[in-house]
Amino acid sequence: MVNITFPDGAKKEFDKGVTALDIAKSISEGLARKVIAANINGEVWDATRPINEDATINLLTWNEPDGKKTFWHSSAHLMAEAVEASFPGVKFWVGPPLDSGGFYYDMDLGDRKLSEEDLVSLEKKMNELAKTNSAYIRKEMPKAEAVQYFTEKGDEYKLDLLSNLNDGEITFYTQGRFTDLCRGPHIPNTGLIKAIKLTSIAGAYWKGDEKNKMLTRVYGITFPTQKELDEYLLMLEEAKKRDHRKLGKELGIFTMDDDVGPGLPLWLPNGTIIIEELEKLAKETEEDADYKRVVTPHIAKESMYITSGHLPYYQDSMYPPMELEGQKYYLKAMNCPHHHKIFAAEPKSYKDLPLRLAEYGTCYRYEQSGELFGLMRVRCLHMNDAHIYCTKEQFAQEFKAVNDMYLKYFKIFGIEKYVMRLSLHDPEKLGQKYVNEPELWIETEELVRNVMIEAKIPFVEVKGEGAFYGPKIDVQIWSAIGREFTLATNQVDFAQGRRFKLEFTTPDNNTDIPLIIHRAPLGTHERFIGFLLEHYAGKFPVWLSPLQVKVLPISDKFMDYAKVVASKLKKSGVRVEVDDRNEKIGKKIRDNELHRVPYMLVIGEKEMNESKVSVRRQGKGDLGMKDLDEFISNIKEEIINRTNE
RNA sequence: GCCGUUGUAGCUCAGUGGUAGAGCACUUCCUUGGUAAGGAAGAGGUCGUGAGUUCAAUUCUCAUCAACGGCUCCA
């Protein structure tokens with residue numbers, strides 16, 4: 001007998017060799033039908049795997065993340081079975097579930113290419129195979145036997161996987177006619193997979209290394225019911241409507257032009273208003289925090305980027321140099337070297353520190369063509385940049401002050417869905433991707449970690465995401481279609497101060513090198529506005545909205561009064577236009593609702609006679625008649641307070 | 001940069017080996033209408049670009065550019 005402990009602490013005895021599925025059945029048939037896998041002593045197991053020792057059990061269904069993952073991983077196997085049936089000789093690499101939902105499988109199809117039609121027929125095949133209710137059968141295998149199996153098959157990919165596994169930890173899974181080397185776990189049988197959608201075909205480098213062969217990756221998603229698949233597809237449609245590329249065009253925010261070049265957005269008048277509002281916010285905030293503004297050129301000589309160390313570490317991301325008078329000049333990809341030169345322009349004392357130099361700097365980065373993505377990833381960017389030069393003693397407070405500034409901004413914009421990431425170096429890439437100062441790395445990373453812990457700001461740590469000159473706190477966000485980006489960043493730099501020979505005189509009349517904080521709480525205009533478009537679904541709060549009020553006369557009899565209203569608003573500093581088209585009021589409302597104009601003022605006979613306006617709020621409808629002066633003072637307050645509605 | 005897909009009017013999209021169509025937007029006219037589309041007429045495209053095949057190419061082939069979905073890389 002084995003003792004099974006349930007999540008609520010209840011204990012029960014079962015025969016040795018009992019499975020999670022048996023246990024579920026002992027509770028109810030309904031539950032047993034829903035069980036996907038089970039957490040046994042903290043490890044996710046097949047629901048059909050015999051339990052031979054006392055254990056704690058947590059039955060996993062579709063409602064648990066691990067249940068979903070198991071479901072999708074098994075779906076990947078089902079897809080592989082369909083692929084193998086359709087394309088004999090195909091070799092598989094790995095087929096994991098995705099945190100964001102669904103799964104993929106990487107495969108080597110030789111010279112064959114998959115088309116969209118292939119996906120449709122594969123889906124059909126998968127549905128047929130699912131209906132066979134084939135069990136996923138687990139089998140342990142000695143390493144030698146496994147190696148022999150794949151050697152005979154000529155499967156170099158699975159042999160590569162096996163080379164990292166030890167004897168005794170190798171398992172195979174078989175469902176229907178498909179057998180795969182797999183750690184598992186899997187769902188009990190294919191019949192649980194009721195709704196299948198293969199979403200896309202893509203190339204993916206083997207082991208994620210661009211030097212390796214490119215495999216074919218097929219993405220898909222599955223659900224236990226058709227309804228859930230339909231809902232998922234609907235959700236994708238909705239997400240596409242939020243896409244900043246679509247909204248940016250509809251709302252006249254930015255445009256791209258082939259003659260200007262890829263990744264070089266042109267900011268239209270509406271977008272420029274948003275830029276100017278953001279800069280106003282940044283300048284106010286930075287002035288409050290005792291930053292000093294500077295302005296620097298867009299280019300610099302090669303020698304500066306040799307000094308900074310950017311050329312060895314960053315050259316691939318910079319536009320190639322132009323040669324003038326025997327000198328090479330680079331377009332700047334970052335503002336820091338220019339700012340360091342400003343620091344160095346005059347001798348500094350400890351009394352000058354912390355020195356905070358701020359600039360909305362224009363930078364150019366030669367991003368690889370395939371990486372460009374609307375406004376989120378571009379080649380010309382305007383960075384909410386500043387560099388803080390401080391002593392080691394001042395560092396913690398300065399770094400924390402930057403974090404506080406982030407949080408203050410995020411509150412203004414109502415940004416809640418983000419992850420703070422402590423981005424660390426990768427010791428294996430010291431000297432290549434990261435300056436070769438192992439002790440300084442550890443020391444600085446600890447410094448940053450402590451600031452975060454003391455500030456009680458939750459964060460995750462990721463190795464290999466640091467800047468070449470030091471660790472950083474990145475704010476990670478997700479675009480409407482689920483792509484991850486760094487929105488804002490707060491970086492420590494222990495390297496460039498020394499490289500630029502930046503010094504200050506200490507109280508005891510010695511010299512020391514400042515620590516440098518690189519920070520961009522509002523990231524770049526490009527990415528930030530791209531993000532805001534999606535965050536607000538185009539419905540900017542009044543203070544940010546390119547057009548704040550549209551005056552809608554019922555007919556042109558009221559045009560003169562409409563113009564008086566508009567001119568009063570304009571004099572109060574409100575961005576306003578009159579809809580003077582020869583259209584009915586319903587049409588005017590519809591068009592301005594679609595353009596996300598926050599306030600519409602309907603003007604007719606009543607309003608004209610009483611010096612009033614009928615206020616309509618975008619997305620909310622008619623708010624009723626108000627005195628014009630009352631409306632003006634309300635909206636001005638909303639603008640000044642940067643009310644986030 | 002790599003793999004795949006796409007490229008027709010300002011936007012969304014039909015379509016064809018014999019020099020192109022719809023809806024919306026736009027212009028003009030009628031209409032002067034009270035909270036999400038009033039009516040009519042009109043204008044607008046050398047079908048991404050370049051070459052090839054053909055009597056004939058927007059349609060077939062190749063190249064190239066760009067966008068999109070991924071991979072790699074990053075604010």
TODO: Compare the minimum distances between each of B:C30, B:C11, B:G69 and the side chain of A:R245, then state the nucleotide with the smallest one.
DONE: B:G69
- [ ] Check the pair A:R217, A:Y219 against side-chain hydrogen bond (donor to acceptor under 3.5 Å, both in side chains), reporting the backbone distance first and the verdict last.
- [x] CA-CA 6 Å; A:R217 174 174 296 182; A:Y219 283 89; 3.1 Å; yes
Open item on the list: Nearest to the side chain of A:A204, heavy atoms from C-beta on, is which of B:A75, B:C71, B:G34?
Closed with: B:C71
- [ ] Please tell me which of the listed nucleotides, B:C71, B:A75, B:C26, lies nearest to the side chain of A:T486?
- [x] B:A75
- [ ] For the residue pair A:F485 and A:F373, categorise the inter-ring angle as parallel (less than 30°), tilted (30 to 60°) or perpendicular (more than 60°).
- [x] parallel
Task: Identity of whatever pairs with B:U28 - Watson-Crick or G-U, under 3.5 angstrom - done: B:A40
TODO: Answer with base, sugar-phosphate or nothing: what part of the nucleic acid does A:L215 contact at a heavy-atom distance below 4.0 Å?
DONE: nothing
Task: Side chain of A:I585 - closest among B:A75, B:G70, B:U35 - done: B:U35
- [ ] Just do the ring pair (Phe, Tyr, Trp, His ring centres under 6.0 Å) check on A:Y418 and A:F410 with the steps written out, would you?
- [x] CA-CA 10 Å; A:Y418 62 88; A:F410 291 179; 4.9 Å; yes
TODO: To the nearest Å, give me how far apart CG (A:D556) and P (B:U32) are.
DONE: 10 Å
Task: d(CG, A:L268; C1', B:G10) in whole Å - done: 13 Å
Task: Positive for ring pair (Phe, Tyr, Trp, His ring centres under 6.0 Å) with A:H518, one of A:Y469, A:Y389, A:F468 - done: A:Y469
TODO: With the side chain of A:S555 defined as its heavy atoms from C-beta on, choose the nearest nucleotide among B:A36, B:A75, B:G33.
DONE: B:G33
Task: A:Q491 side chain, from C-beta outward: closest of B:A75, B:U72, B:A67 - done: B:A75
TODO: Find the distance A:I589:CD1 to B:G38:C1' and express it as a whole number of Å.
DONE: 15 Å
- [ ] Tell which nucleotide pairs with B:U58, taking only Watson-Crick or G-U wobble pairs whose two distances are both under 3.5 angstrom.
- [x] none
TODO: Ignoring the backbone of A:E371, work out which of B:G34, B:C73, B:U32 is nearest its side chain.
DONE: B:C73
Task: Distance, rounded to the nearest Å, where A:E583 contributes CD and B:A25 contributes P - done: 8 Å
Task: A:K584 side chain, from C-beta outward: closest of B:G38, B:A67, B:A75 - done: B:G38
TODO: Please report, rounded to the nearest Å, how far the C1' atom of B:C3 is from the CG atom of A:D209.
DONE: 15 Å
- [ ] Grab the CG-C1' distance between A:L119 and B:U5 for me, whole Å please.
- [x] 11 Å
Open item on the list: Nearest to the side chain of A:K249, heavy atoms from C-beta on, is which of B:G34, B:C11, B:G70?
Closed with: B:C11
Open item on the list: Assess, by modelled atom type and distance only, whether the side chains of A:Y319 and A:R379 contain a donor and an acceptor separated by less than 3.5 Å.
Closed with: no
Task: d(NZ, A:K246; P, B:A67) in whole Å - done: 19 Å
TODO: Kindly point out which of B:A66, B:G4, B:G1 is positioned nearest to the side chain of A:Q368?
DONE: B:G1
Task: Touch class at under 4.0 angstrom, heavy-atom based, for A:L487 against every strand present - done: sugar-phosphate
TODO: Give the rounded distance in Å between these two atoms: CG of A:D106 and P of B:G69.
DONE: 19 Å
